[in-house]
Engineer: 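Quick one: structure below, then a few questions.
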Amino acid sequence: MRVATWNVNSITARLPRLLAWLESTGTDVLCIQETKTGEEGFPAAELRELGYESAVNATGRWNGVALVSRVGLEDVVKGLPGGPDYEGVQEPRAISATCGPLRLWSVYVPNGREVGHDHYGYKLSWFEALRAAVAADAAGQRPFAVLGDFNVAPTDADVWDPAVFEGQTHVTPAERAALTALCEAGLSDVMPRPLKYDHPFTYWDYRQLCFPKNRGMRIDLVYGNKPFTTAVKDSYVDREERKGKGASDHAPVVVDLEV
DNA sequence: ATGGCCGGGTTGCCCGGA
C-alpha cells in the first residue's frame with residue numbers, strides 16, 4: 001500500500017498536477033495540507049472519477065486539510081479534539097480517518113510566525129493537544145501514523161544552513177521537544193530517502209532560487225507507531241514534483257507499506 | 001535541467017507562508 005503526504009499550497013491551483021501525480025504514482029491514500037479553499041470548493045468530484053473518496057476539513061482561504069483514499073475512508077474525525085483556538089476560532093488543521101488497515105491523520109501544524117508571537121504559543125499548545133489526542137492510537141496495535149506539515153525541522157541536518165535559522169521558528173528547542181513528546185507517546189520519524197543529494201528536504205522557498213540551490217528544509221513528516229513503522233518497506237521525497245511551473249513549494253513524501 | 005515568489009481575497013495591494 002502506498003501512502004503519502006503533500007502540502008499542495010492550494011488544491012485549486014494544484015489540481016492538474018495533483019490528479020496526474022495520483023495516477024502516475026498509484027498512491028492509495030494521500031494526506032493533503034493547505035487546501036486554501038472551503039469544503040464546497042474541494043474537487044471531490046474530480047477525485048471520485050479517479051476512484052478516490054475524500055474527507056475534508058476546510059473553511060476558506062487559509063489552512064485546510066484533507067484525506068483522499070481509494071482503499072476506504074471510515075470513522076472520519078474533523079479537527080483536533082481538545083485543540084486550542086487562535087483568535088477565537090478552531091482553525092482547520094487536522095482530520096483523521098481509517099483507511100483499510102490504517103488509522104491516519106493529516107495535520108497542518110501552525111507556523112508560529114516568530115518566537116514569542118501569539119502564534120508561536122498557539123503552535124506549542126496545538127502540539128500538546130495533538131500528543132494527547134493521539135496517545136491511545138500511538139500505543140495501540142493497529143498501524144497508525146500522523147502525516148503532514150509539522151512546521152518543525154527535527155534536527156539541524158533538516159535545514160540547509162542552521163546558522164540562517166538561529167533564533168527562528170521551526171528549529172527551537174521547545175518545538176523540537178514537542179516532537180520528542182510524540183516519540184515518547186510511541187511514534188517515530190519515518191525517514192524518507194532523498195532522490196538527489198545526501199539529505200531529503202521537503203520544502204524549498206519559492207524565492208531566491210532556493211530549489212535549484214537546494215536550500216530546503218525537512219518539515220513534512222511521517223510519525224508512525226511501531227506496527228506502522230515495521231510495515232514500512234520504503235519511503236522517499238518526490239522532489240521531481242517540486243520542479244517546473246505550477247509546483248507547490250512542498251514536495252510529497254511517499255511511504256510504501258506491506259500491510 | 002530545477003531557475004530571480006506564489007495563491008487567494010478584502011484584488012490593481014495585502015497577508016501569510018517558513
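To find a chain, count down the sequence lines: A is the first, B the second, and so on, and within it residues start at 1.
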Engineer: Just by distance, do the side chain of A/Thr5 and the backbone of A/Val253 share a donor-acceptor pair under 3.5 Å?
Structural biologist: no
Engineer: Please give, in whole Å, the distance from B/dC6 P to A/Asp249 CG?
Structural biologist: 10 Å
Engineer: If we check salt bridge (Lys or Arg N to Asp or Glu O under 4.0 Å) with A/Arg2, which of these qualifies: A/Asp234, A/Asp28, A/Asp256, A/Asp238?
Structural biologist: A/Asp256
Engineer: Closest to the A/Asp149 side chain: B/dA18, B/dG3, B/dG8?
Structural biologist: B/dA18
Engineer: Between A/His199 and A/Tyr197, is the ring centroid distance below 6.0 Å?
Structural biologist: no
Engineer: Quickly work out the A/Trp204 CH2 to B/dG4 P distance and round it to whole Å.
Structural biologist: 16 Å
Engineer: Grab the CD-C1' distance between A/Glu87 and B/dC15 for me, whole Å please.
Structural biologist: 12 Å
Engineer: Donor-acceptor pair, A/Arg113 side chain versus A/Tyr120 backbone, under 3.5 Å?
Structural biologist: no
Engineer: Classify the angle between the aromatic ring planes of A/Trp21 and A/Trp6 as parallel (below 30°), tilted (30 to 60°) or perpendicular (above 60°).
Structural biologist: tilted
Engineer: Answer yes or no: does a side-chain N or O of A/His250 lie under 4.0 Å from OP1 or OP2 of B/dA18?
Structural biologist: yes
Engineer: Compare side-chain N and O positions of A/Arg207 against OP1 and OP2 of B/dC6 and report whether any pair is under 4.0 Å apart.
Structural biologist: no
Engineer: Residues of residues 58-65 of chain A with any non-hydrogen atom less than 4.0 angstrom from an atom of DNA chain B: list those, numerically ordered, please.
Structural biologist: A/Arg61, A/Trp62
Engineer: Take the protein atom CG of A/Asn7 and the nucleotide atom P of B/dG17, then report the distance between them rounded to whole Å.
Structural biologist: 11 Å
Engineer: Quick one: stems involving DNA chain B, counted as three or more successive Watson-Crick or G-U pairs, both distances short of 3.5 Å.
Structural biologist: B:5-9 with B:13-17
